[in-house]
Amino acid sequence: MILNFINGSFREGAGGKTFANLDPCTGALIDHVSEAGRADVDDAVKAARAALQGPWQKLKLAERCDMLYAVANEIDRRREDFLAAEVADTGKPRALASHLDIPRGAANFRVFADVVRSLPTECFTGHAPDGQPALNYALRRPKGVVAVVCPWNLPLLLMTWKVAPALACGNAVVVKPSEETPSTATLLGEVMNKVGVPQGVYNVVHGFGPDSAGEFLTRHAGIDAITFTGETRTGTAILKAAAEGIKPVSMELGGKNPAIVFADADVDAVMVGLKRSVFENTGQVCLGTERVYVQRPLFDEIVRRLGEVARQLKPGLPGDMEANFGPLISLEHQRKVLGYYAHARDEGATIVSGGGVPQVPAALAGGAWIEPTVWTGLPPTSKVITEEIFGPCCHVAPFDDEQEVLALANSTPYGLAASVYSRDINRAHRVAAALNVGVVWVNTWFLRDLRTAFGGSGQSGIGREGGAHSVEFYTELSNVCLKLAS
Ligand code: NAD
Ligand code: 6OD
C-alpha cells in the first residue's frame, strides 16, 4: 500500500479509503494507494505549520541549503528505487526516466539551494527630513505553508521543481501528487527522514481533485500559497479556491506549442528537435509541439521525414531495450487522445502516419498504447490545431512568410512555449520577440537552465518560476526603514 506522509510518518488515511495505482503498460494493478481525507489534509497542514514555527525556522540558511544538497545526494544514491517507481507509475522508457526525470529531481534541490544561498537583499541609503541618515533594507521571509499540486507527466521532476525552491526559501510544503503517479513523492518522504529534514516540513497527501485531497488542500484555510501544475481547466478551479483567503498562486498550465521551421534551417537539427518535442514522453510534455509550421520549400521533406520518424518509434515496456516509446498514462487519457484522432479523420486530415492504436503483444493489450501520429491538411480553426491534446501527435502546415506564421503561431489562447528553427540569427531573434509565449527555444527544444524564468502567458499560466523568480514567489519581502543617528 502506498501511504500518505504526514509529520514524518507514513500513514493510512483516517477514512480507510483506497484507490488503485494501475500500470499504464498493461492495465494491471501495481498497488493500492491510501486516500487522504479532510482530516488527514488538516493534519498535514498543521504539521507543516508546527515545523515552520519550530525546528525548520531555527535552522540557519546554510544549514538548510546543506540539507537540500543531502536530499539531492540521497536521490542519487537511491536512483534505482526512484527509477523503478517512476517507470512503474508512468510506463515511460527507463532510458528517458534515467536521463531526464530522476537526475532533474536531484538537480532541482542543488540548483535552488545554490540560488538561495547566494541571494542578495536590496538596500537603499537616504536621508530623513532632519538630515539624519536613513537605511532601507529588505527582509525575506518564507511564505509559510505551501500547497504543491502536481500532474502525472513528469512526476518527480515537476514536484521537486516546486518543493526544492519552496524548502530552500524556508517554507514547509504539503504535496498532492497526481492520483496516477503517487510513488516518487512518497519515496521522497523516506529521503527527507533519512537526511534529517525536520518532521512536518515535507508532507504528502494522496487522492483526487474535486471533493478529495486536491480540493481539501487548496481550500484549506491554513495554507499560505498554492503552486499548481496541470490543466488550464483545473487551474480555473484552483484559482476560485485561492480567491477565498486571497492566497498567492503560481500556475503552470497547458499549452498548444508551435514549432516554426524556416526554409534556411538545418533540416537534420530540425528532425532531432521535432522527434523529441512531438514524441518524447509519448507527447505528454506541456512544452511539446503539437503544431508544426514549415516554410513552403521544406514542407514536403519535413512531412515525409516526420512520418518516417513516427513509424520508427517502437512501443514496448520501460525496460525493453528494443523499445523507445511508452504508453499514455491511462485508458481515460487514451480515450481523450483517440477522440482527437477521430476528429482529425472526420475533418478530412491527411494522415501521414499513425492515427490509431498500435498492435502490441497480448500481454500489453490492457495498456494505454497509442500510435505516434502526424497529420496535414486541417483548417487552422480545427480543434485539433487549437486545443491541447497532450499526446504524441502534431499537425504540419505550410507557410510563406514571417508575418503569416507569427499570426498562426499566436492564434491560440495558450502561450507556453515555442521553437524556432533558422540559421538566420536576426530572424530568430525577431520572431522569438514576437511570439506570445513564456519560453522560446531556437534550434533546440527543452534545453533547460534552471536559473531562467519559466512559465506561460495567456491561458498557459500565471507567474514565473526558476532561479530568483521562484524566490519571488516562495518568499515575502518586508522593507525595514531605519533612521540612524549621525
Ligand atoms: P490535471 O489538471 O488533471 O491534474 C493536476 C493535479 O490537480 C492532480 O494532482 C489532480 O488530482 C489535481 N486536481 C484536479 N482537480 C482539482 C481540483 N478541483 N482542486 C485541486 N486539485 C485538483 O492535470 P494532469 O492531467 O495531471 O496533467 C496534464 C496537464 O498538465 C496538461 O494540461 C499539461 O499541459 C499540464 N502541465 C503543465 C506544465 C507547465 O509547466 N505549464 C507542466 C506539466 C503539465
Ligand atoms: O523543466 C521544467 O522545469 C519544467 N517545469 C518542465 C515542464 C514540463 C511540462 O511537462
Side-chain angles (χ1 to χ4, degrees), residues 19 35-36 41 90 100-101 103-105 107-108 111-112 147-162 164-165 175-182 185 204-220 223 226-242 249-257 277 280-288 290 328-330 332-333 336 387-391 414-417 437-439 441 445-467 469-470:
F19 59 95
E35 185 174 347
V41 171
T90 60
L100 176 65
D101 302 64
R104 254 302 292 278
N108 285 334
V111 167
F112 285 108
V148 184
V149 182
C150 308
W152 43 257
N153 59 320
L154 300 165
L156 181 71
L157 185 160
L158 291 172
M159 187 260 298
T160 53
W161 166 246
K162 309 291 200 161
V175 175
K176 211 301 276 171
S178 168
E179 53 274 33
E180 305 284 358
T181 52
V204 180
V205 290
H206 291 297
F208 302 85
D211 201 27
S212 183
E215 185 176 336
F216 301 153
L217 178 61
T218 51
R219 289 196 174 274
H220 198 290
I223 58 165
I226 303 172
T227 181
F228 170 70
T229 309
E231 277 193 42
T232 297
R233 208 175 16 166
T234 313
T236 304
I238 292 180
L239 272 176
K240 287 180 184 161
V249 292
S250 170
M251 298 254 147
E252 295 185 357
L253 308 176
K256 187 71 182 177
N257 313 302
S277 71
E280 194 162 272
N281 211 36
T282 315
Q284 302 164 121
V285 181
C286 61
L287 311 159
E290 291 189 353
L328 293 170
I329 190 69
S330 64
E332 185 190 341
H333 190 50
K336 175 186 158 189
E387 296 178 9
E388 180 185 53
I389 302 173
F390 220 54
Y414 291 110
L416 187 54
V437 296
V439 188
W441 280 287
W445 176 75
F446 204 179
L447 176 60
R448 294 282 287 116
D449 180 329
L450 306 186
R451 298 167 299 182
T452 60
F454 181 92
S457 308
Q459 291 186 15
S460 289
I462 299 177
R464 295 291 180 271
E465 296 202 35
H469 309 282
S470 296

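When a ligand or atom number is given, it counts from 1 through the structure's own listing order.
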Would a distance-only check, ignoring hydrogens and angles, find a side-chain to backbone donor-acceptor pair under 3.5 Å from Asp101 to Leu157? no
Under 4.0 Å, counting heavy atoms only: does Arg104 come that close to any atom of ligand 2? yes
Option nearest atom 7 (C) of ligand 2 (shortest heavy-atom distance, choices Leu447, Asn281, Leu158, Leu450): Leu158
With the side chain counted from C-beta on, respond yes when Phe228 and Met251 share a heavy-atom pair under 4.5 Å apart, and no when they do not. yes
Should we count CZ of Arg448 as having more than 12 external heavy atoms under 6.0 Å? yes
Looking at Glu231 and Leu253, what are the two nearest heavy atoms and their distance? O-CD2, 3.9 Å
Can you produce the list of protein nitrogen or oxygen atoms under 3.5 Å from a nitrogen or oxygen of ligand 1, alongside each distance?
| residue | atom | partner | partner atom | Å |
| --- | --- | --- | --- | --- |
| ligand 1 | 2 (O) | Glu231 | N | 2.9 |
| ligand 1 | 2 (O) | Thr234 | OG1 | 2.6 |
| ligand 1 | 9 (O) | Cys150 | O | 2.7 |
| ligand 1 | 9 (O) | Lys176 | NZ | 3.0 |
| ligand 1 | 11 (O) | Lys176 | NZ | 2.7 |
| ligand 1 | 11 (O) | Glu179 | OE1 | 2.7 |
| ligand 1 | 23 (O) | Glu231 | N | 3.4 |
| ligand 1 | 25 (O) | Trp152 | NE1 | 2.8 |
| ligand 1 | 26 (O) | Trp152 | NE1 | 3.1 |
| ligand 1 | 32 (O) | Glu388 | OE1 | 2.6 |
| ligand 1 | 34 (O) | Glu388 | OE2 | 2.5 |
| ligand 1 | 40 (O) | Glu252 | OE1 | 3.4 |
| ligand 1 | 41 (N) | Leu253 | N | 3.1 |
| ligand 1 | 41 (N) | Leu253 | O | 2.6 |

Atom indices of ligand 2 within 4.0 angstrom of Asn153 heavy atoms, with elements: 9 (C), 10 (O)
re atom 2 (C) of ligand 2, the protein heavy-atom contact at minimum distance is Arg448 NE, 3.2 Å
Side-chain heavy atoms of Phe216 within contact of Val205, under 4.5 Å: no
For atom 8 (C) of ligand 2, which of the options Gly466, Ser470, Cys286, Ala417 provides the nearest non-hydrogen atom? Cys286
Out of curiosity, Lys336 NZ to Ile389 CD1, how far, rounded to the nearest 0.5 Å? 8.5 Å
For residues Thr232 and Glu388, is any side-chain donor paired with an opposing acceptor at under 3.5 Å? no
Numbered atoms and elements of ligand 2 in range of Leu154, under 4.0 angstrom, heavy atoms: 8 (C), 10 (O)
For Gly230 and Pro151, the nearest pair of non-hydrogen atoms, with its separation, is CA-CB, 4.4 Å
Does any donor atom in the side chain of Glu252 or Trp161 lie under 3.5 Å from an acceptor atom in the other side chain? yes
Under 4.0 Å from a heavy atom of Phe454: give me the atoms of ligand 2 that qualify, with their elements. 4 (C), 5 (N), 6 (C), 7 (C)
